[in-house]
**Student:** 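Before we start, here is the structure in question, set down as structure tokens.
Not measured: the values here are computed from a predicted model. Sequence lines set the chain letters: A, B, ... in the order given, protein chains first and strands last, and positions in each chain run from 1.
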Protein chains: 2
Amino acid sequence: MANIKKPHTSPEERIEQMIQRLKESNHRITPQRFGILKVLANSTRHPSAETIHSAMIVHYPTMSLATVYKTLALLKQVGEVLELQFSELGNRYDGNHPQPHPHVICTDCGEILDPSLLDLKKITEKMMRETGFKIVGHRLDFYGLCPNCQ
Amino acid sequence: MANIKKPHTSPEERIEQMIQRLKESNHRITPQRFGILKVLANSTRHPSAETIHSAMIVHYPTMSLATVYKTLALLKQVGEVLELQFSELGNRYDGNHPQPHPHVICTDCGEILDPSLLDLKKITEKMMRETGFKIVGHRLDFYGLCPNCQ
DNA sequence: GTCTGTGCAAACCCTTTGCACGATG
DNA sequence: CATCGTGCAAAGGGTTTGCACAGAC
């Protein structure tokens with residue numbers, strides 16, 4: 001059973017994986033895209049599009065938010081980023097673990113953690129049997145207050 | 001273990017519960033609010049604000065969307081409705097089972113089902129131990145294609 | 001050189017808010 | 001009759017889109 005909390009892949013390796021996937025699907029590696037991959041691979045904080053943009057504008061002063069959104073949509077499409085939708089918090093992105101996995105979310109400061117792996121395979125099968133759905137993904141969030149905000 | 005899928009509470013009983021809660025918290029029962037409670041209690045489809053509004057405007061031609069949103073916010077505040085946030089689908093509301101419970105969501109047509117109860121108490125405790133968070137809620141969604149959309 | 005990607009601004013969608021009027025308790 | 005709720009319209013925030021220019025391959 002793999003431990004997705006501390007993957008053996010380094011940020012560099014992760015960036016390389018994502019680049020490969022983009023090339024495979026005939027997409028160009030632009031400085032903007034490379035920069036976004038770098039931010040994603042080096043972040044454990046599940047950044048928002050805005051956060052990624054802010055981090056990048058220091059080095060790429062002309063970087064636009066639209067490009068961040070377009071790149072995130074592309075990465076989502078090729079399966080290299082996991083999008084966590086929140087209507088209040090705004091969407092957040094996980095580029096290190098694109099497969100569904102549980103999150104623990106602070107309702108006060110918005111911090112998002114990846115706790116250790118939890119296998120929902122059996123539960124997913126149960127759900128498929130019960131509902132007749134063909135289930136291809138899931139989402140498991142726990143909401144509460146992080147140690148700092150308590 | 002209770003089965004939250006088919007509660008013994010009828011829509012009428014459920015409406016009564018919600019009315020009690022509103023009265024307890026010193027809120028008035030207006031025709032608009034009563035209508036929204038009726039729609040919520042009679043729906044198993046996790047309606048959006050827009051859906052509730054559309055259902056009501058037939059009987060209350062002056063009904064406004066703003067009032068639907070305000071009432072949903074109020075019901076959420078007093079714990080009588082569960083809000084499911086989706087940035088794409090728009091938020092959806094469950095007035096029959098305000099406590100967190102799993103959902104199975106069709107990514108094609110947007111249908112949302114309540115499968116039978118699944119107890120996450122032990123997993124929640126594990127998460128609290130592991131992360132130091134004080135967890136007060138959760139969300140468990142399964143995504144896939146419903147029988148109709150497959 | 002071709003074609004995709006970028007960046008700007010405008011458009012979009014859902015949701016929230018301010019405010020004057022209306023209705024509840 | 002005091003206060004709270006309603007409805008309109010405008011504002012708001014995050015995200016998406018159209019289009020001309022720039023740049024990757």
**Student:** Can you give me the closest heavy-atom contact between B/Phe133 and A/Cys146, atom names plus distance?
**Tutor:**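 Taking every non-hydrogen atom into account, CZ-CB, 3.4 Å.
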**Student:** Would you confirm whether B/Asn91, through its side chain, and B/Phe86, through its main-chain N or O, come within 3.5 Å as a donor-acceptor pair?
**Tutor:** yes
**Student:** List, with names and distances, any nitrogen or oxygen atoms from the protein found under 3.5 Å away from nitrogen or oxygen atoms belonging to nucleotides 20-22 of chain D.
**Tutor:**
none

**Student:** Calculate, to the nearest 0.5 Å, the distance between atoms NE2 and CG belonging to A/His46 and A/Asn96 respectively.
**Tutor:**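 Output value for this atom pair is 8.0 Å.
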**Student:** Given axes from five pairs at either end, by how many degrees does the helix from C/dG1-D/dC25 to C/dG25-D/dC1 bend, rounded to 10°?
**Tutor:**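 The helix from C/dG1-D/dC25 to C/dG25-D/dC1 shows an end-to-end axis angle of 40°.
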**Student:** Is the shortest heavy-atom distance from the side chain of A/Val68 to the side chain of A/Met63 under 4.5 Å?
**Tutor:**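 Yes, their side chains come closer than 4.5 Å.
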**Student:** How close or far is atom C1' of C/dT17 from atom CG of B/Leu72, stated in whole angstroms?
**Tutor:**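 The answer, rounded to whole Å, is 16 Å.
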**Student:** I need the NE2-P distance between A/His53 and D/dT15, as an integer number of Å.
**Tutor:** 13 Å
**Student:** How would you list all residue pairs meeting side chain to side chain donor-acceptor pair (under 3.5 Å) that involve residues 135-145 of chain A, not counting sequence neighbours?
**Tutor:** A/Arg139-A/Asp141, A/Asp141-A/Tyr143
**Student:** Using whole Å, report how far CD1 of B/Ile36 lies from P of D/dG5.
**Tutor:** 12 Å
**Student:** Which side-chain N or O atoms in residues 36-44 of chain B pair as donor and acceptor under 3.5 Å with protein atoms at least two apart or in another chain?
**Tutor:**
unit_1	atom_1	unit_2	atom_2	d
B/Asn42	ND2	B/Lys38	O	2.8
B/Ser43	OG	B/Arg45	N	3.1

**Student:** Salt bridge check: are B/Glu130 and B/Lys126 linked by an N-O gap of less than 4.0 Å?
**Tutor:**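 Salt bridge flag = yes for B/Lys126 with B/Glu130.
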**Student:** What string of B, S and - do you get for nucleotides 6-16 of chain C, 5' to 3', when a contact is any protein heavy atom under 4.0 Å?
**Tutor:** SBB-----SSB
**Student:** Write out all pairs satisfying side chain to side chain donor-acceptor pair (under 3.5 Å) with one or both partners inside residues 70-81 of chain A, taking only residues at least two apart or from two chains.
**Tutor:**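 Passing the test, one end in residues 70-81 of chain A: A/Arg14-A/Glu80, A/Arg21-A/Glu80, A/Lys76-A/Glu83.
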**Student:** Is there a side-chain contact between A/Asp94 and A/Asp114 in this structure, where contact means two heavy atoms from C-beta onward sitting under 4.5 Å apart?
**Tutor:**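 The answer is yes; the side chains approach within 4.5 Å.
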**Student:** Which whole-number value in Å describes the distance from B/Met56 CE to D/dG5 C1'?
**Tutor:** 13 Å
**Student:** In whole Å, I'd like the distance from the CG atom of A/Leu37 to the C1' atom of C/dG5.
**Tutor:**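 Interatomic distance, CG of A/Leu37 to C1' of C/dG5: 14 Å.
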**Student:** Rounding to an integer number of Å, can you tell me how far B/Gln85 CD sits from D/dG13 C1'?
**Tutor:** 14 Å
**Student:** Is the shortest side-chain N/O distance from B/His27 to OP1 or OP2 of D/dG5 below 4.0 Å?
**Tutor:**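 For D/dG5, OP1 or OP2 has a side-chain N or O of B/His27 closer than 4.0 Å.
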**Student:** So A/Tyr93 and A/Thr51, do their side chains get closer than 4.5 Å, heavy atoms only?
**Tutor:** no
**Student:** Checking only heavy atoms, does the side chain of B/Arg28 share a donor-acceptor pair with the base of D/dC4 at less than 3.5 Å?
**Tutor:** yes
**Student:** Please work out whether the ring planes of A/His101 and A/His103 are parallel, tilted or perpendicular, with thresholds of 30° and 60°.
**Tutor:**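 Judged by the thresholds at 30° and 60°, the geometry between A/His101 and A/His103 is tilted.
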**Student:** How many whole angstroms separate atom CG of B/Asn26 from atom P of D/dT3?
**Tutor:**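 Distance, rounded to whole Å: 14 Å.
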